[in-house]
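Numbered from 1 within each chain, the chains take letters A, B, ... in sequence-line order.
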Protein chains: 2
Amino acid sequence: MARAALAAKAPEERRERIMLATIAVVRERGFAGTRVADIALEAGTSQGLVLYHFGSLAGALAAGLTMLEDEFYDDFAHHLAAEDGPVERLRFMAELAAGRGAAVGNWALWLELWARALRDPDARAVRESQDRRWRAALRRVIDEGVAAGSFSPSNSAKSVLRLAALMDGLAVQLALNEPGMTTRKFTELWWESAVLELGITEPAKRGKSPR
Amino acid sequence: MARAALAAKAPEERRERIMLATIAVVRERGFAGTRVADIALEAGTSQGLVLYHFGSLAGALAAGLTMLEDEFYDDFAHHLAAEDGPVERLRFMAELAAGRGAAVGNWALWLELWARALRDPDARAVRESQDRRWRAALRRVIDEGVAAGSFSPSNSAKSVLRLAALMDGLAVQLALNEPGMTTRKFTELWWESAVLELGITEPAKRGKSPR
DNA sequence: GCGCATATTGAACAGGCGTTCAGGATACGC
DNA sequence: GCGTATCCTGAACGCCTGTTCAATATGCGC
């Protein structure tokens with residue numbers, strides 16, 4: 001019969017579709033509001049299949065998060081490498097964090113992840129890895145800038161911590177769309193702080209200068 | 001009978017006990033893990049009474065949050081007024097945020113609140129009000145410092161935003177107890193940033209200087 | 001073509017939990 | 001003292017939702 005047409009057609013593709021659906025639903029409803037039925041509906045499959053592939057709702061959530069993590073980072077690393085100097089790279093990171101690639105939706109997801117990480121080990125691992133990668137990238141860019149003579153931080157390790165934390169803090173405002181906080185403002189505030197922290201003198205050749 | 005001893009004894013006191021119990025449970029289990037039964041148990045009353053007073057679980061949560069908000073702010077404002085100069089007050093805020101008064105537990109609660117604020121209007125209102133109050137206090141201290149000649153920010157409005165955001169960002173690390181992040185480190189990192197932002201010259205008379 | 005491992009479905013199950021409710025105790029005005 | 005409004009309880013109800021399961025389809029090695 002044509003009714004149950006696609007069975008066992010491309011199981012790997014279905015798995016992936018479910019993971020994508022999972023993060024889509026979490027983005028829309030949050031962790032607390034995500035049901036197996038929602039995921040199945042979004043993925044266009046049955047509830048049973050979600051459990052078949054991932055064992056439980058928690059399993060599906062974990063798988064979705066891990067996928068998101070890798071996907072995001074690969075994309076980021078790829079684009080970062082395309083920029084040519086440390087100043088440009090730093091600028092790129094500022095813009096990426098502020099909203100390029102629909103980060104607003106992502107920041108909301110981040111807030112959810114932080115809260116969940118308080119109790120769920122999987123979430124904690126994902127956010128920790130993500131955070132470490134991001135900070136490592138920041139540190140590399142800064143070291144590179146120091147080597148090239150563009151930056152002169154008084155303490156680069158601390159600057160990394162502060163600049164990364166500032167992004168998270170600004171992101172809270174952005175995600176909760178506090179009046180007055182926009183992606184432009186985010187970039188502007190962060191960039192000025194970076195200038196102050198790192199003693200940047202030469203402006204970024206690519207990308208418009210702040211403001 | 002002595003069995004059902006305390007009925008209608010002090011309804012207002014029971015209400016308050018329930019609100020306190022509510023935030024205690026949220027602190028321990030998070031919003032997602034908080035059940036009416038937990039609150040009742042913690043408060044030493046019946047499940048029915050929680051609903052009688054607050055109408056629903058959501059109502060109890062909202063009431064608890066509002067109570068927490070006022071309580072925290074009153075306490076803060078009281079202590080802040082006791083400090084004598086702008087530098088001392090700024091220092092006090094740094095230390096309060098970093099962990100005085102068991103803020104670590106509170107920061108965890110904040111993360112939960114942020115995530116919940118994405119969807120729940122009550123939570124959003126509470127966190128917005130809290131945030132506004134905190135930033136207003138920061139701004140007042142900074143203005144005071146400018147007037148007294150202790151601070152010389154290049155743009156005080158922006159400094160307020162950045163310093164407040166930095167606290168939130170550092171708080172994420174602290175709440176998720178990232179290795180290496182402690183209350184001391186929190187204060188140190190934030191204070192250095194404040195020095196940089198505000199051009200503080202004179203050290204705080206009270207409280208040890210950073211590090 | 002046959003049989004077996006893998007996918008997939010939809011329905012049924014069962015536990016958890018918010019809410020409702022009928023009933024009682026207490027304080028308080030009269 | 002009596003009646004009434006308020007406070008409080010514990011049990012029962014019923015829905016929501018994660019998980020289980022038997023049945024079926026599909027692809028694949030032989």
Regarding [X] and [Y], does a basic nitrogen lie under 4.0 Å from an acidic carboxylate oxygen?
| X | Y | value |
| --- | --- | --- |
| A:R140 | A:E144 | no |
| A:K185 | A:E188 | no |
| A:E178 | B:R127 | yes |
| B:E128 | B:R132 | yes |
| A:D131 | A:R124 | no |
| A:E83 | A:R91 | no |

Which pairs would a plain distance check flag for residues 164-172 of chain A, meaning a side-chain donor or acceptor within less than 3.5 Å of a matching protein atom at least two apart in sequence or in another chain?
none

Near DNA chain C, which residues from residues 37-46 of chain A have a heavy atom under 4.0 Å away?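 Contacts with DNA chain C under 4.0 Å: A:T45, A:S46.
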Does the side chain of [Y] come within less than 4.5 Å of [X]'s, by heavy atoms?
| X | Y | answer |
| --- | --- | --- |
| A:W107 | B:L118 | no |
| B:L90 | B:F151 | yes |
| B:D122 | B:L65 | no |
| A:L61 | A:R116 | yes |

Should B:R14 be listed as having a side-chain N or O under 4.0 Å from OP1 or OP2 of D:dT9?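 Looking at the OP1 and OP2 atoms of D:dT9, one of them is under 4.0 Å from a side-chain N or O of B:R14.
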Which pairs pass side-chain hydrogen bond (donor to acceptor under 3.5 Å, both in side chains) with one or both residues in residues 28-41 of chain A, sequence neighbours excluded?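 Counting only pairs at least two positions apart or across chains, the side-chain hydrogen bond (donor to acceptor under 3.5 Å, both in side chains) contacts touching residues 28-41 of chain A are A:R29-A:D38.
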Residues from residues 48-64 of chain A lying under 4.0 Å of DNA chain D - heavy atoms: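 Listed by number, they are A:L51, A:S56, A:L57.
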Nucleotides 14-16 of chain C: which of its N/O atoms have a protein N/O under 3.5 Å away?
none

Pairs under 3.5 Å (Watson-Crick or G-U), crossing ones as [ ], inter-strand ones as |: DNA chain D comes out as ||||||||||||||||||||||||||||||
For B:T22 and B:I39, which heavy atoms make the closest approach, and how far apart are they?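 Taking every non-hydrogen atom into account, OG1-CG2, 3.5 Å.
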What is the separation between atom CD on B:Q47 and atom C1' on C:dT19, rounded to the nearest whole Å?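 Checked: the CD to C1' distance equals 9 Å.
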